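On a predicted model such as this, the values are computed, not experimentally measured, just so you know. Just so you know, ligand 1 is whichever comes first in the structure, and atom 1 is the first atom listed for that ligand.
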Amino acid sequence: MPESNKEALQRLDAAHHLHPFTDGRALQQKGTRVIERGEGVYLWDADGNRILDGMAGLWCVNLGYGRQELIEAADAQLRQLPYYNLFFQTTHPPAARLAATLAGLLPGDLHHLFFTGSGSECNDTVVRMVRHFWAERGRPERRVIISRNNAYHGSTLAGASLGGMKPMHGQGGLPLPDMVHIDQPYHFGEGRDTDPHAFGLERARQLERKILALGPERVAAFIGEPVQGAGGVIIPPDGYWPEIQRICQKYDVLLVMDEVICGFGRTGHWFASEYYGLAPDLLCMAKGITSGYQPLGAVAVGDRVAETLINGGEFFHGFTYSGHPVACAVAQACIEVMQREQVVERVRDDIGPYLQRRWASLGDHPLVGETRGLGLLAALELVADQATLQRFPTDTGAGLICREHCFEQGLVMRAVGDTMIISPPLVITHEQVDELVEKARRALDLTLSTLSNQQGK
Ligand code: PMP
């Protein structure tokens, strides 16, 4: 039989393409999945299968695939000015307009924007900015940045160091100096025998103990995702964030919110900082800013830090693609669509609560130890015993088995260990939520029978 188009692509891919976050040998043995097309909340693979994208790509395609407004904005900007930089006292209309639009949407006094090409670049920018800020203020010894175990802040050296993923630290001698971690507010994983509120406060107070152990005069900033995404959609107990903010204020430690996933409506608010009542000094965004149609990130900077930066001489930092005009034009169009269609309000008042209600119905499945969610983020914990919440031994691979069954059902759901997570496009309809939950239930049934067969062997 002649080689199909898909097989030819798989062969080229296996020979020449090194994939991100992938075990190369395992992939070559299995063959890559080829995704060819997207429309709305659906993807089509090279075999013609239609797949409901329960992850909105990588938490980013908030408006779904094939939005004409975004395509036309890119097309028009490519014709007008496909590239120019923002160095050397220059701006261009898409960057200037987008900065002003974002300043109008952001909470608190986050009135200033520094553009990057990605979330990782945002976090590298944060590290350089906060250290420069403190040096300019005559406190160069304030260098330490405190983050959390199992946080994800990107894959660059600073991003991976700020992140608390041990396997990432293990490759290449990370974290970089002066980046330290406290425990995460993961109630199901690390405190399910305790009262959630007390657990949240206890985890927040680790920050105070860490600041005191280091010496407050050495601590520059604390960084956290409002809801940890890649770590497993970990929603901190109420009381956690207000306590973190109180501690930061007490010791004059800058509060940095990494809203790369949570920004742009994911939680039913433009930014999750609003939901949690936070006034961060810096806020990182990417992904949903363009609905994933173009690579773009931005660090929003509050008045106090911005004033020091503006008056602090040249900040020796920037990227060729900082504020790329096509990306900024697409972001502007994306925000306009979100405003016109009231996407954020719909997540808050309609589709978010609907998804959470339907998702919670999976809690009666014998494999499920907990369901949780916020806005259009949700997770469920696979357990070996629903009564005791006993988890599977790690080598069982229950999460990966479930993920494969989801794919077979035509659903993208991600596995973080044995935590199954979703983050669908914000434009998903009620019927599509029903489809998602039905497919997830069917995948759970199949996972249960696969696991029972394994145990029977
Ligand atoms: N921060 C958070 C919270 C993220 O979820 C991610 C990506 N998943 C990043 C930073 C890194 O963003 P990027 O992949 O665009 O560099």
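- When A160, S423, G119 are checked for heavy-atom proximity to atom 15 (O) of ligand 1, G119 turns out nearest.
- Interface atoms of ligand 1 facing N123, defined by a heavy-atom separation under 4.0 Å, are 1 (N), 10 (C).
- Remark: ligand 1 and E225 share no N or O pair separated by less than 3.5 Å (distance only, no angle test).
- For ligand 1, the atoms sitting less than 4.0 Å from at least one non-hydrogen atom of S120 are 11 (C), 12 (O), 13 (P), 16 (O), numbered in the order shown with element in parentheses.
- The main-chain N or O of G224 is never found under 3.5 Å from a side-chain atom of H153 such that the two would form a donor-acceptor pair.
- Shortest non-hydrogen contact noted between P107 and E274 is CB-CG, 3.9 Å.
- With respect to E381 and R372, a salt bridge is recorded, a charged nitrogen being found less than 4.0 Å from a carboxylate O.
- Using a cut-off of 4.0 Å between Lys/Arg side-chain N and Asp/Glu carboxylate O, R218 and D178 are scored as salt-bridged.
- Below 4.0 Å from some heavy atom of I261 lie the following atoms of ligand 1, by number and element: 5 (O).
- Annotation for ligand 1: atoms under 4.0 Å from non-hydrogen atoms of S118 are 15 (O), 16 (O).
- At least one N/O-N/O distance between D258 and ligand 1 falls below 3.5 Å.
- Contact record, A230 with Y152: CB-CB, 3.7 Å, taken as the closest heavy-atom pair.
- The residues E336 and R340 are annotated as not salt-bridged, no charged nitrogen and carboxylate oxygen being separated by less than 4.0 angstrom.
- Under the 4.0 angstrom criterion for non-hydrogen atoms, K287 is in contact with ligand 1.
- In this structure, T156 has no heavy atom closer than 4.0 Å to ligand 1.
- With respect to the salt-bridge test (charged N to carboxylate O, under 4.0 angstrom), the residues R192 and E370 do not qualify.
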